[in-house]
Each structure stands twice: as structure tokens, then as C-alpha cells.
**Student:** 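I'd like to ask some things about the structure below.
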Amino acid sequence: MNFTEIERLEEQFQVATYAKMNIAVERGCGAWIWTSDGEKYLDLYGGHAVCATGHSHPHIVKAIQEQAEKVLFYSNLVYSEIRAKAAEKLVSVAPESLTKAFFCNSGTEANENAMRMARFATKREKVITFSGGFHGRSADSISATFLGNYRNLGKPNVPGHVCAEFGNLESVRELADNETAAIMLEPIQSMAGVTESSPDFFKGLREICDEHGIILIFDEVQTGIGRTGNWFFSGSDLAGNIEADIITLAKSLGSGVPVGACLVNEKVSANIKTNDLGTTFGGGMLAMAAVLATLEAIENDKMRENIAEIESYLRERLKEIEQIAAVHGKGGLIGIEFSENCKSVHQKLLENKIITGTSSNPKVLRLLPPLCVTKGEIDLLISALQKAV
Ligand SMILES: Cc1ncc(COP(=O)(O)O)c(C=O)c1O
């Protein structure tokens, strides 16, 4: 089918809820995708922060092909070798205190379950989240999202959500008390425009949580699975080496096969009994094969080391463009801040067949490339940027 036919069918038979680029993706490889019209695009948005291992990485394709031939799915009513291996591998790369995984299907679901576990563990209801944070669109997660207008889309909101200012410990101290179940945050606020905070902020949050018996949740749906060059933000020097009680994951975790997870410490898991949490599809075999193969591919191909090197190279080369006011973020989660609105830069890059992301800050262009992106591919971005500005 050509693009016009595909577009007509999608528009006719799908609810009109997404603003789309005028391309139809047919296949992908590494940091590249090919369209229905035979055009080739450099994907520095990584399929919406999902394809950290690159598009259709052969190790992952093989793993899910082999699993599909054995059995596609059975729920948690049965044990499964591939689930056992995926859980073991995920916990093995997690910060030391996080010893168990709960599998679900998406980022919003991981956050809902994390908040529920925090409420079980503390027997309290209040949750503190932050201005500029995004946590998903289901009821509890959207109620925890104080970015833009999202919360209003989720009316009526779940009660018990309050908002502190990201980076401001005093604002957290004013809200944190012995009725607070959880403090939840994106450690780098991606959608807000790749907003960062200092290691001291994270250390301060850990202290406040310890003082009041509050569960600290890091929403690592974007920062997890190698994105910053560390397996996770939690426990890394970016976080002042403190560890969250729960990390939530999705996006890159299955390289495109839908899967989410919560990684939890003993304090949290000790309070969960049979039937407290559940989901039909969580831990399904196809998703588990994708999780295991994703972690193996990142490790085998040294992608975390690669993205750390790419970040330094990219930062160096971006200095050549004087219209850039600042560069935010870490590893493969980068916000390029321009001195003015960068909508036209985003559009011109797309016309030059380079996909990047926007953010809710009109001056910030977001990059979330596959972790296997090369210096040569970064050079293509720099040349296109020089023309676009
Ligand atoms: C930080 C963060 N948390 C949660 C979510 C929600 O994930 P999902 O769309 O898989 O529900 C997103 C999605 O963009 C996200 O970026």
C-alpha cells in the first residue's frame, strides 16, 4: 500500500487522538527506518523512547521468534522458564536493594502498581509528585501528573495527590508527613523538556522518606534500561548513589514488545500477599523473551558504554551551533535548548529525514536515540541542524 491509502484507512478507522508525522513505517534496522514510499529516515527519537536496542535488533527478533514457536502466552497461573530467567536477569542488573520484579504491560500500569504497593506498605494514601512530571494516563497516574493540562483530562482525579516543585526540597518538606505513602518522580523530567536536578536533591528526598517512613518511587520509564549510560538512574552517581524503594519501567524494557515492570525492595515486597496485585498479560512468555533478549543485547553490544561516549561527542559537536542555549540530560536522553521556539527546527530536520522529538517546553528539542547510535549518525544530525537553524 502507498502512504495515501494507509493514511486514509487509519484516519477512517481509528479514533483521531494522535498528531502523526506524514510517513508510514514499513521496516527498521538500528537507528534507521524505511517508509512505505521507500524513503529512509534516521530515527533519533527511537520509536518514541522505546527502541533503545535499535529497530528490530537481530538478537531480540530471534528470541521472540523462537519463543513464539514454543508458546506465545500463559498467565501467572503457571511457572515458566523464560519468565524465571527474565526476572532473574532484570533483578541482577538492578540496584542492590531491589530484589524482586512485578511484571505488567505499560508505564502507566507500572506506576499505578507502584503507588498501590506504597499504600500497602505504609497503610497511608497520600502521594507527592512534582510539577513537570509525567506518569501516564490511567486514573491514578494521570492524577499524579502535574504537567500541563494532563490532570484535567483525567477528571475526576483520584484523591490524595499533592504537588511539590521539582528540585526544591523545601517544597517537599512542607508536604511530607506521617500520612504520606509515597514520593514519586521522574528523575529526569523528559516531557517537561529534559529537566534535571542535582544529586543533593535526590539525597534529600531519600532522607525525607526515611524520616517519615515514606516509599520513594523513581519512575524510570524513560531513564531506565541503560538510557543514561547506567542501567538505572536510581543507585547511580546522578542520584547521589541513593536507591529508590521502587523503580518503574516500560518503554525500552521489551524493545517494542509491550511490557512494564516494578522493581521493589524487601520492605515493599514483604507487604504484598497473593492476589493483592495482578494482570492477565503481565509476565507473558513473548514479553519475557523480549525483556531477557533486550538486557542481553544491551550488555553484549556494550550499548551503555556506547551511549556514554556518544553523549560526550554530541555535546562537543553541538557547541558548533551558536543558536543552542543549553544542552540538558544524560546519555541518550538529551534536551537541546534553543534560544527561541524550535518547532521549525524539528520540522526542517524531518524534511531532511531525521526524526527528533519535541517537548512541552517549546524551546527544547528532545533526542532519545537507540543506544547503539553511531558517531557518523550524530554527524548527520549536526549537518542537518546547521542547515535547519
Ligand atoms: C516517565 C513516563 N512515565 C510513564 C509513562 C507512561 O507510559 P505508558 O505510555 O507506557 O503508559 C510515560 C510515557 O511516555 C513516561 O514517559
Side-chain angles (χ1 to χ4, degrees), residues 17-19 45-52 102-118 127-151 153-154 158 161 163 166 182-197 202 216-228 232-234 238-239 244 246-263 279 281-282 284 287 290-291 294 328-335 356-361 364 366-369:
T17 184
Y18 299 105
Y45 198 44
H48 209 136
V50 166
C51 304
F102 171 76
F103 289 111
C104 54
N105 308 286
S106 66
T108 196
E109 199 188 341
N111 288 335
E112 297 258 339
N113 281 289
M115 288 187 278
R116 191 168 295 174
M117 285 193 261
V127 174
I128 300 173
T129 49
F130 291 87
S131 52
F134 181 83
H135 301 293
R137 289 173 181 259
S138 52
D140 213 3
S141 298
I142 209 166
S143 301
T145 293
F146 288 91
L147 174 72
N149 188 43
Y150 285 104
R151 227 170 162 260
L153 300 174
V158 173
H161 287 278
C163 176
F166 188 62
I183 295 178
M184 180 165 80
L185 71 160
E186 273 183 274
I188 298 177
Q189 295 186 327
S190 180
M191 189 123 71
V194 192
T195 313
E196 293 168 278
S197 200
F202 301 106
L216 183 58
I217 305 171
F218 274 18
D219 173 342
E220 297 221 37
V221 166
Q222 294 217 17
T223 56
I225 314 296
R227 174 62 60 189
T228 65
F232 301 97
F233 192 101
S234 174
L238 302 171
I246 306 179
I247 292 179
T248 61
L249 301 168
K251 289 212 189 274
S252 314
L253 181 58
S255 292
V257 176
V259 57
C262 300
L263 283 168
T279 157
F281 287 121
V291 169
T294 295
H328 307 283
K330 192 71 197 161
L333 171 51
I334 296 291
T356 55
T358 54
S359 73
S360 63
N361 180 339
V364 174
R366 263 189 309 165
L367 304 182
L368 282 141

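As the structure lists them, so they are numbered: ligands from 1, and atoms in each ligand from 1.
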**Student:** Counting heavy atoms not belonging to Arg116, are there more than 12 under 6.0 Å from its CZ?
**Tutor:**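 Result for CZ/Arg116: open.
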**Student:** If only side-chain N and O atoms count, and only distance matters, is there a donor-acceptor pair under 3.5 Å linking His135 with Asp140?
**Tutor:**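 On atom types as modelled, these side chains do not qualify, holding no pair under 3.5 Å.
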**Student:** Which atom pairs, donor and acceptor, lie under 3.5 Å between side-chain atoms of residues 182-194 and protein residues at least two apart or in another chain?
**Tutor:**
residue : atom : partner : partner atom : Å
Glu186  : OE1  : Phe134  : N            : 2.8
Glu186  : OE2  : Ser190  : N            : 3.0
Gln189  : NE2  : Ser131  : O            : 3.0
Ser190  : OG   : Gln222  : OE1          : 2.7
Ser190  : OG   : Arg366  : NH1          : 2.6

**Student:** Between Thr279 and Phe102, is the side chain to side chain contact (heavy atoms under 4.5 Å, CB included) condition met? List the steps.
**Tutor:** CA-CA 10 Å; Thr279 157; Phe102 171 76; 4.1 Å; yes
**Student:** Taking the six-membered ring for Trp and the full ring for Phe, Tyr or His, determine whether the centres of Phe232 and Phe218 are under 6.0 Å apart.
**Tutor:**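 Not under 6.0 Å, so no.
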**Student:** Looking only at non-hydrogen atoms, find the nearest pair between Gly254 and Ala290 and report the distance.
**Tutor:** O-CB, 3.5 Å
**Student:** If you count only heavy atoms, which residues are under 4.0 Å from ligand 1?
**Tutor:**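 Close residues (ligand 1, cut-off 4.0 Å): Ser106, Gly107, Thr108, Asn111, Phe134, His135, Gly136, Glu186, Asp219, Val221, Gln222, Lys251.
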